[in-house]
Protein chains: 2
Amino acid sequence: MTEKKQPLQLDFHSGLPIYTQIVEQIQSQLANGILKPGDQLPTVRALAQELRVNFNTVARAYRILDEARIISTQQGRGTYITEIPPPEVSEKLRNESLAALTHRFINESFRLGFSEREVSQMVRDSLKSWKEAKDSDDE
Amino acid sequence: MTEKKQPLQLDFHSGLPIYTQIVEQIQSQLANGILKPGDQLPTVRALAQELRVNFNTVARAYRILDEARIISTQQGRGTYITEIPPPEVSEKLRNESLAALTHRFINESFRLGFSEREVSQMVRDSLKSWKEAKDSDDE
DNA sequence: CCTTTATTGTACTAATTGTATCATTGTATA
DNA sequence: TATACAATGATACAATTAGTACAATAAAGG
């Protein structure tokens with residue numbers, strides 16, 4: 001199966017800066033094969049328009065990813081996912097990506113006053129019901 | 001019917017501090033549905049001007065509400081009513097809140113291509129390391 | 001080829017937001 | 001009155017996003 005291009009999903013109330021959300025989602029998509037080495041990313045202006053943000057905000061995200069050697073931005077040409085990311089790096093990236101996502105979720109839960117027990121129970125329930133929904137879809 | 005934005009009404013002779021009145025009125029508007037989760041509040045300066053008060057007084061009110069998890073203030077962006085209000089209400093609402101939060105987290109994880117197994121493992125690890133960090137703080 | 005034009009990212013600046021710190025004011029109380 | 005303290009105001013700061021002008025590249029037309 002080919003992972004299709006997926007729009008980035010921003011949460012404007014999450015407290016996380018937009019540019020950070022863009023960075024993390026591109027990292028995740030790369031880690032999970034939704035984006036692949038060599039892929040061209042949208043131009044700063046195109047992505048900005050799609051996300052309804054200023055293009056400098058996208059440019060800032062791209063600059064951070066560029067400094068991390070994850071993408072390569074080329075003035076006048078566009079931005080591309082870096083070729084040949086070392087496999088051990090990409091596995092690491094994949095793990096870090098999920099870790100970041102999970103960390104945010106757990107922090108937010110605790111911030112709202114939920115207990116460790118409540119959180120882990122809810123995750124179990126939620127995963128379970130997701131699996132059941134999936135099973136009934138598969139029939 | 002849609003509850004419209006309502007100006008805050010201050011009583012400068014009531015003996016109650018301004019910031020307390022702001023806190024209570026915002027809480028009350030939230031409780032009455034005039035304000036809803038996700039709503040953006042006026043900036044500290046805008047509300048201060050409207051109320052003819054120093055913006056630090058509004059900032060103080062916002063800080064109290066932020067610490068109470070009722071709003072989320074974000075430097076450079078604004079302040080918002082928390083998407084998932086803290087459990088000052090019912091246990092049922094509280095549970096629904098966590099369910100919604102968890103659901104978002106799990107959907108996002110799957111959307112990015114992580115497996116059920118990976119997600120639940122990462123949640124366990126993350127909870128564990130959080131608990132350890134907390135324990136070392138408690139010494 | 002060379003020139004022009006469109007498209008791309010970059011750099012710098014400005015505007016808007018909340019934060020931190022200290023000064024001032026007013027009031028209660030010894 | 002003098003002092004302590006809480007409330008409010010003034011000022012400087014930091015973070016985020018937006019605006020504007022520019023530079024590099026590629027493509028099109030001559």
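As the structure is a prediction and not an experimental result, all values here were calculated from the model. Residue numbering restarts at 1 for every chain, and letters A, B, ... go by the order of the sequence lines.
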The nucleotide from C:dT19, D:dA18, D:dA7 with an atom nearest the side chain of A:Asn54 is D:dA18
B:Thr20 or A:Gln75: which one's nearest nucleotide on DNA chain D is closer to the 5' end? B:Thr20
Could you verify whether a donor N or O on one side chain and an acceptor N or O on the other, from A:Arg94 and A:Gln27, lie under 3.5 Å apart? no
Hey, what do you get for CZ (A:Arg60) to CD1 (A:Ile64), rounding to the nearest 0.5 Å? 6.0 Å
Can you sort out which residues in residues 39-51 of chain B have a heavy atom within less than 4.0 Å of DNA chain D? Ascending by number, please. none
Check the side chains of B:Gln121 and B:Asp125 for a donor-acceptor pair under 3.5 angstrom, ignoring hydrogens and angles. yes
Is a donor from one side chain sitting under 3.5 angstrom from an acceptor on the other, for B:Thr79 and B:Thr73? no
Within residues 11-19 of chain B, residues whose heavy atoms come under 4.0 Å of DNA chain D: B:Pro17, B:Ile18, B:Tyr19
Rounded to 10°, the angle between the first-five-pair and last-five-pair axes of the helix from C:dC1-D:dG30 to C:dA30-D:dT1 is 10°
What is the distance, rounded to the nearest whole Å, between atom CG of B:Asp66 and atom P of C:dA20? 11 Å
Just to confirm, is there a sub-4.0 Å distance from OP1 or OP2 of C:dT19 to any side-chain nitrogen or oxygen of B:Thr73? yes
Starting from C1' on D:dT17, measure out to CZ on B:Arg77 and report it in whole angstrom. 9 Å
As a quick check of understanding, evaluate side-chain hydrogen bond (donor to acceptor under 3.5 Å, both in side chains) for A:Gln25 and B:Arg111, giving each step before the final call. CA-CA 11 Å; A:Gln25 294 204 25; B:Arg111 189 176 80 86; 3.1 Å; yes
Interatomic distance, CG@B:Leu41 vs CG@B:Leu65, rounded to 0.5 Å, equals 8.0 Å
Would you mind checking if A:Glu132 and A:Lys128 are paired as a salt bridge, meaning a charged N to carboxylate O distance below 4.0 Å? yes
Checking C:dA20, C:dT8, D:dT17 against the side chain of B:Asn56 (C-beta onward), the nearest is C:dA20
Starting from P on D:dT17, measure out to CZ on A:Arg52 and report it in whole angstrom. 17 Å
Result for 5'-nearest mapping on DNA chain D, choosing between A:Gly76 and A:Arg60, is A:Arg60
Whole-Å gap separating C1' (D:dA7) and CZ (B:Phe55): 16 Å
Roughly, in whole Å, what's the span from CD1 in A:Ile22 to P in C:dG9? 13 Å
Whole-Å distance separating the CZ atom of A:Arg63 from the C1' atom of C:dA11: 10 Å
Give the C-alpha distance, both sets of side-chain angles, the deciding distance and a yes or no for salt bridge (Lys or Arg N to Asp or Glu O under 4.0 Å) between B:Arg104 and B:Glu108. CA-CA 6 Å; B:Arg104 284 217 308 262; B:Glu108 179 70 2; over 6 Å; no
Let's go through B:Glu118 and B:Ser115 carefully: what are the C-alpha distance in whole Å and the side-chain angles of both, what is the deciding distance for side-chain hydrogen bond (donor to acceptor under 3.5 Å, both in side chains) to 0.1 Å, and is it a yes or a no? CA-CA 5 Å; B:Glu118 286 174 308; B:Ser115 71; 3.3 Å; yes
Anything under 30° is parallel, anything over 60° is perpendicular, the rest tilted; go ahead and classify A:Phe105 against B:Phe105. parallel
First locate atom CD of B:Glu50, then atom CG of B:Leu8, and finally report the distance between them rounded to the nearest 0.5 Å. 7.5 Å
